[in-house]
Amino acid sequence: MESFNGMGSGMVLTATALAGFLMVKKIHSRLQLSMAKHPSLSGHLRMAKRFAAWIPGYSYSPGHWLVADGAPAHVAEQRKKAMDQLGQRLQSKSPQTLQMSAELKPLVSDLQLISEYRIPFQFREMMHQHIRLGSFWRESEGSYLTDLDGNRFIDVTGSYGVNLMGTDFYKTCIAKGVELAEKLGPVLGSYHPCVLDNAKQLCELSGMQEVSFHMSGTEAVMQAVRLARYHTGKKKLVRFTGAYHGWWDDVQPGPGNPMPPSPHTLTLNDMHPNTLRVLKNRNDIACVLINPLQAMHPNKAAPTDSTLVDSSRAVHFDKGAYTDWLRQLRQVCTEKGIALIMDEVFMGFRLAPGGAQAYFNVKADMVTYGKTLGGGLPVGVVCGMSHWMRRFKSDRPAELCFARGTFNAHPYVMATMNVFLHSMKTAQTQEIYANASQMWSVRLATLNRRLEQANLPVHVAGMETVWSILYKTPSRYNWMFQFYLRDHGIALSWVGSGRMIFNFGMDDKDYEIFMQRFVKAAEAMEKDGWWWTDTQLTNRHIRQSVFKEILKRKYLPA
């Protein structure tokens, strides 16, 4: 009996020690994970969602609207006059475009969203009364878009990244694609003969062994993640703070998604050793997602004017540092059997004919494409090594990784893609790529030099053909610049001055026109008093004042 009792005590002690060990291990793992999160709200998604739900909606009164930065009365009067005149000019130039946009807005939820989120919410109500922008274009030609009233604008919208080669190029791709596919027509479920050629060329471009076709970039990323989970038997995916990979729940888990953050998604600190430590020490991670666009602004969301409350927007691209980070990440993923997925849906072939893999000389396990690859038509593609792409297991025939789509490999899309892929191999296209980095670097520097010579508080930064507009003077009104650019004949996307997307088809003459218009728009904005400031106004002071007014509106409503 004594022996038995002794054994029982020993077993209890052993169980207690094991429980203690497991608890310490769990705490250690949790601590490591916490240290690998970015300290901003963007790195803590549950907190970010709570904060977003906490912010009250309110609008500035007409009097405060013009002096939110504490400007004196004469500056407020200057701004009021300028805003009235700007609104009148935009209206008189494009009455048909604005009228049709106004009629469409109540019918299309997307248009309502982008109309409301062009500027910080406090300024919306009064802005809508004075200034509107159209959402229709009648035609495109070269580097220009023409609205319904015949006004021609330099196009730096980029069509969400689709427009790499210029709109005339894509018109040709689509026309030739339709001609190639018209005999077969919209026959779905099987393949047009050009699909074999497409698959071979995609494997060559991506350095992969297999491909799968999808209907959008978001869907392609969904399939890549699903395959990673299928082959690893693990559930968790790692994304990086601020990165966008489509709007489905697992990869867009913060504000904007009504669902709580998925327990299977880890949002970690980009370009940080603590993240590598987490990847090395965990055994439940299926894949890591990389959006190479984040090299412009690691751990920050895409810059939009709706969040431009001051002048602290920052963009800095360091190719060497980002390449080193990707190589470290590649090594850890290889060691741990984690799928490294390069999401090139947005950047596509902007960086190099072989995409970001070639540009940074880092090979992924799977890569997703979309945007420009369809030659102007919608598409999503996954390219990967065979052991990652297989959707079934011979030794377990009932265990599938199912994925199908009605319009996958649509004949007209595949034919247009075929035209695009063949164009990538021409001597003309290869010459464009050979000179692209140098040319766009010189162009960016030239614009900044002109802005500096004009003593304007604005400059640009970017990565190859994707640029962001940055501001030097602390201001509450930088978001106004998008309207001055439109007034001077430059078309931006709905995110405003946060992103300009150029295309390889823009020649030196059109770029010179773009620079002239850009500088004139900045001069007009400065002349109209929107960049007024005094020594007391700093970005920190602006942020503090905005937070105080939010607190007041939340807890001391009028």
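- Remark: Glu116 engages Lys105 in a salt bridge, criterion side-chain N to carboxylate O under 4.0 Å.
- In this structure, Arg443 and Met506 have side chains that are in contact, with non-hydrogen atoms separated by less than 4.5 Å.
- In summary, the side chains of His264 and Ser262 do not present any donor paired with an acceptor at a separation below 3.5 Å, with no hydrogens or angles considered.
- One finds a salt bridge joining Asp305 and Arg313 here, because a Lys/Arg side-chain nitrogen approaches an Asp/Glu carboxylate oxygen to under 4.0 Å.
- The two residues Asp510 and Ile154 make their nearest non-hydrogen contact at O-CD1, 3.9 Å.
- Side-chain contact annotation: Asp270 with Trp325, donor-acceptor N/O pair under 3.5 Å present.
- Salt bridge present: Arg152 and Glu141 bring a charged side-chain N and a carboxylate O closer than 4.0 Å.
- No close placement of the Tyr244 and Phe346 rings is indicated, their centers lying 6.0 Å or farther apart.
- The two residues Pro253 and Thr265 make their nearest non-hydrogen contact at CG-CG2, 4.3 Å.
- Under 3.5 Å, the side chains of Arg499 and Ser468 contain no donor-acceptor pair of N or O atoms.
- Residues His214 and Ser216 bring no donor and acceptor atom of their side chains to less than 3.5 Å of each other.
- A side-chain N or O of Glu103 and one of Gln99 form a donor-acceptor pair less than 3.5 Å apart.
- Looking at every heavy atom in both residues, Ser212 comes nearest to Arg391 through CB-NH2, 3.2 Å.
- Aromatic ring orientation, Trp479 versus Phe483: perpendicular (interplanar angle above 60°, classes split at 30° and 60°).
- Judged purely by distance below 3.5 Å, without hydrogens or angles, the side chains of Thr368 and Asp343 pair a donor atom with an acceptor atom.
- When all heavy atoms of Tyr170 and Val162 are compared, the pair lying nearest together is OH-O, 3.1 Å.
- Under the 3.5 Å distance criterion, with hydrogens and angles disregarded, no donor-acceptor pair is assigned to the side chains of Asn274 and Asn269.
- Crowding of Trp247 atom CH2: a count of heavy atoms from other residues, nucleotides or ligands under 6.0 Å not exceeding 12.
- Tyr369 has its ring centre less than 6.0 Å from the ring centre of Phe349.
- Among the candidates Phe169, Tyr433, Tyr511, the single residue satisfying the ring pair (Phe, Tyr, Trp, His ring centres under 6.0 Å) test with Phe504 is Tyr433.
- The 12-atom threshold is not exceeded at NZ of Lys280, counting heavy atoms of other residues, nucleotides or ligands nearer than 6.0 Å.
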Next on the checklist: Run Gln331 and Arg327 through side chain to side chain contact (heavy atoms under 4.5 Å, CB included) and show every step you take.
Outcome noted: CA-CA 6 Å; Gln331 182 178 351; Arg327 288 174 178 169; over 6 Å; no
Checklist entry - Given Ile285 and Lys235, is the side chain to side chain contact (heavy atoms under 4.5 Å, CB included) satisfied, shown in steps? => result CA-CA 6 Å; Ile285 298 173; Lys235 296 180 180 179; over 6 Å; no
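- Remark: Arg486 is positioned above the aromatic ring of Phe153, its terminal NZ or CZ atom under 6.0 angstrom from the ring centre and at most 45 degrees off the axis.
- Within 6.0 Å of CZ in Phe136 there are more than 12 heavy atoms belonging to other residues, nucleotides or ligands.
- Between Asp284 and Lys236, the shortest heavy-atom contact is OD2-CE, 3.1 Å.
- The closest side-chain donor-acceptor pair between Ser386 and Arg390, if any, does not fall under 3.5 angstrom.
- Looking at Gln482 and Ser497, their side chains never bring a donor and an acceptor atom within 3.5 Å of each other.
- Minimum interatomic distance between Ala295 and Phe360 (heavy atoms only, all atoms of both residues): CB-CZ, 4.5 Å.
- The distance between the ring centers of Trp494 and Tyr117 does not fall below 6.0 angstrom.
- Under the 6.0 Å distance and 45° angle rule, Lys176 does not count as a cation-pi partner of Phe420.
- For Glu344 and Arg350, the salt-bridge test fails: no basic side-chain N is under 4.0 Å from an acidic carboxylate O.
- A donor-acceptor contact closer than 3.5 angstrom is absent between the side chains of Thr426 and Ser423.
- Side-chain rings of Tyr322 and Phe317 stay apart, their centers remaining 6.0 Å or farther from each other.
- Not counting sequence neighbours, the partners of Glu204 by the salt bridge (charged side-chain N to carboxylate O under 4.0 Å, His left out) test are Lys425.
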